[in-house]
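Whatever order the structure lists ligands and atoms in, that order sets their numbers, starting from 1.
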Amino acid sequence: MPDDVLLLPWHDHATSLGGATDGLEVHSWAEGEEAPSTDVLERVTFYVPQYLGGRSALEAMTRMPSLRTVQSLWAGVDAVWPFLPDGVALHNAAGVHDASTAELAVGLALARLRGLDEFARNQTTGSWLPRRNDAIADKRVLILGFGRIGQAIEQRLAGFECEVVRVARSARTLDDGRHVQAMSELPDLLPTVDVVILIVPATEETVGLVDSGFLALMRPGALLVNVARGPVVVTDDLVAALHDGRVRAALDVTDPEPLPADHPLWSAPGVLISPHIGGNSSAFEPRARRLVAAQIRRLRAGEPLDNLVARP
Ligand code: NAP
């Protein structure tokens, strides 16, 4: 630890990390700023790239020959791997985004079911157009991916009088008796649910998972919510299913991102789109800082850091 050089995305680390960096050599590279000098980059051993810092914050890792540890502020680190030098340990931000992403998943589902997006559009023309829309009460909601965020989504749905179906890679029974079903059961489950919430990582197995076959198995008019990663859904197949009126959708993530202004997904019927802001809310900063402070304390104590991710 004594030779560690930290590069953090915060200038106020001395106060906002609860003293975790006291006495250490720390450099800061905050949003919108020029990259640190070559001299600094060459000595950095512990790096926290700026959240949403784009390609330049990731590419910088390739100019850090002393780098040993990267603490990502993303839960899904698919975008980090291509830039991570061999032999450098990567830790994800598991836990940092749970609350924010879970509440967005529920918010998107409610907004689309209750037609809040249409009412917002009517508001721009002063049009009072009441209609009876779907409630989430009495619906069956399938959470596809029952990791940290999937579980946080179920917690938030608890008061909504809906039935939750949980699906992960493998089946299991939780300590309290709740059952998680296996992916292999998905074809039988999809025709029985009204809402599907995607919250799996983007991996070789999940990219392209939601294709025309998957969408055809969903109940007519069922709602697809994607807060996972855009490429989990085959965009062209979803656009076709939306035009057929087969499904509705609420998407925080799309493929491609950003979605070009003339992309057909924007104007497809029955879709609500937010610009990948699941984790990007006021809930982010305090949780991100708590995680980084705890990781620096582990580093100083010579303990293994949490959230180590294996290269796929
Ligand atoms: P996590 O705790 O690792 O949980 C992932 C879940 O997905 C696990 O239940 C896992 O199954 C399941 N899974 C993985 N591969 C699967 C497959 N091939 N088929 C079915 N299920 C599969 O991850 P998390 O923290 O909940 O985050 C999940 C993902 O959400 C992230 O990787 C990220 O891409 C995305 N995310 C998006 C936003 C946003 O802004 N919209 C924010 C944060 C995260 P097992 O339990 O059986 O292993």
Side-chain angles (χ1 to χ4, degrees), residues 51-53 71-81 90-109 111 142-157 164-175 178-190 193 196-211 213-214 224-233 249-259 272-285 287-288 291 306-312:
Y51 181 57
L52 304 175
Q71 173 60 60
S72 168
L73 295 178
W74 298 85
V77 287
D78 33 305
V80 183
W81 288 121
L90 176 61
H91 301 259
N92 72 14
V96 167
H97 300 280
D98 298 5
S100 182
T101 309
E103 74 175 39
L104 185 78
V106 175
L108 282 172
L142 187 152
I143 302 175
L144 181 44
F146 201 66
R148 296 189 62 119
I149 301 176
Q151 293 173 52
I153 292 171
E154 178 170 25
Q155 283 171 2
R156 281 151 183 82
L157 285 172
V164 171
V165 178
R166 308 158 201 90
V167 176
R169 276 179 292 200
S170 50
R172 53 192 175 256
T173 301
L174 305 174
D175 289 346
R178 284 175 300 155
H179 193 53
V180 181
Q181 290 173 265
M183 268 303 271
S184 54
E185 297 172 71
L186 198 58
D188 294 328
L189 292 170
L190 282 176
V193 300
V196 175
I197 300 178
L198 303 174
I199 187 63
V200 286
T203 65
E204 271 181 17
E205 296 90 57
T206 62
V207 167
L209 176 70
V210 182
D211 58 6
F214 182 113
L224 179 75
V225 179
N226 190 3
V227 286
R229 284 288 183 265
V232 175
V233 176
L251 312 170
D252 181 49
V253 287
T254 61
D255 181 23
E257 282 183 17
L259 197 61
L272 168 61
I273 298 171
S274 59
H276 198 153
I277 42 73
N280 191 14
S281 73
S282 57
F284 169 74
E285 287 291 340
R287 286 162 182 76
L291 170 69
D306 277 358
N307 303 347
L308 181 65
V309 201
R311 197 180 273 273

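Comparing V227, I277, L108 against atom 37 (C) of ligand 1, the shortest heavy-atom distance belongs to V227. Summarising the contacts of atom 26 (O) of ligand 1 with V232, I149, I153, the nearest heavy atom is found in I149. The option with the heavy atom closest to atom 17 (C) of ligand 1, from among R166, R169, H276, E205, is R169.
The minimum heavy-atom distance linking I199 with G145 is given by the pair CG2-O, 3.2 Å. Closest non-hydrogen pair, M183 versus P187, comes out as O-CD, 4.0 Å. Nearest heavy-atom pair across L108 and L272 is CD2-CD2, 3.9 Å. Nearest heavy atoms, A288 versus L73: CB-CD2, 4.1 Å. Closest non-hydrogen pair, S100 versus G278, comes out as OG-O, 2.6 Å. Taking each heavy atom of S72 and L90 in turn, the nearest pair found is CB-CD1, 4.2 Å.
The distance from the CG atom of N92 to the CG atom of D78 is 10.5 Å, given to the nearest 0.5 Å. Here the CZ atom belonging to R156 is positioned 11.5 Å from the CG atom belonging to L104, to the nearest 0.5 angstrom. Residue Q155 holds its CD atom at 9.0 Å from CG of D98, rounded to the nearest 0.5 Å.
The protein heavy atom nearest to atom 2 (O) of ligand 1 is R148 N, 2.9 Å. Atom 46 (O) of ligand 1 has as its closest protein heavy atom R172 NH2, 2.7 Å. The single protein non-hydrogen atom nearest to atom 30 (O) of ligand 1 is I199 CD1, 3.0 Å, given as residue, atom name and distance.
At a 3.5 angstrom cut-off on N or O pairs, T203 does not count as close to ligand 1. Annotation: G147 places an N or O atom under 3.5 Å from an N or O atom of ligand 1; distance criterion only. Residue-to-ligand polar distances keep V167 apart from ligand 1: every N/O pair is separated by 3.5 Å or more.
For the pair A228 and ligand 1, a heavy-atom separation below 4.0 Å is found.
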Verdict with reasoning, F146 to H179, per ring-ring contact (aromatic ring centres under 6.0 Å, His included)
CA-CA 11 Å; F146 201 66; H179 193 53; over 10 Å; no

Could you check R178 against E154 for salt bridge (Lys or Arg N to Asp or Glu O under 4.0 Å), going step by step and ending with a plain yes or no?
CA-CA 11 Å; R178 284 175 300 155; E154 178 170 25; 2.6 Å; yes

Candidate pair H91 and Q71, rule side chain to side chain donor-acceptor pair (under 3.5 Å), full reasoning:
CA-CA 5 Å; H91 301 259; Q71 173 60 60; 4.9 Å; no

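When each atom of ligand 1 is checked for a heavy atom of R229 under 4.0 Å away, the hits are 33 (C), 34 (O), 35 (C), 36 (N), 37 (C), 38 (C). Close approach of ligand 1 to G145 is summarised as follows: ligand atoms under 4.0 Å from at least one heavy atom of the residue are 6 (C), 7 (O), 9 (O), 12 (C). Heavy-atom proximity to G278, at under 4.0 Å, picks out these atoms of ligand 1: 39 (C), 40 (O), 41 (N). For ligand 1, the atoms lying closer than 4.0 Å to a non-hydrogen atom of T206 are 16 (C), 17 (C), 18 (N). Residue A75 has at least one heavy-atom neighbour below 4.0 Å for each of these atoms of ligand 1: 43 (C), 44 (C).
At a 4.0 Å heavy-atom cut-off, ligand 1 does not touch Q151 at all. With a 4.0 Å cut-off on non-hydrogen atoms, P201 touches ligand 1 through its backbone as well as its side chain. At a heavy-atom distance under 4.0 Å, atoms from both the backbone and the side chain of V200 approach ligand 1. Only the side chain of T101 comes within 4.0 Å of ligand 1, judged by heavy-atom distances. Of the heavy atoms in L104, none comes closer than 4.0 Å to ligand 1. At a heavy-atom distance under 4.0 Å, only side-chain atoms of H97, from C-beta outward, approach ligand 1. The part of M183 lying near ligand 1 is the side chain, judged by heavy-atom distances below 4.0 Å.
Atom 23 (O) of ligand 1 is not flagged as protein-proximal [any protein heavy atom, distance under 4.0 Å].
Although no hydrogens or angles enter the test, the distance criterion places no donor-acceptor pair under 3.5 Å between the side chain of T206 and the main chain of L209.
Classification of the H97-Y51 ring pair by plane angle, with boundaries at 30° and 60°, yields tilted.
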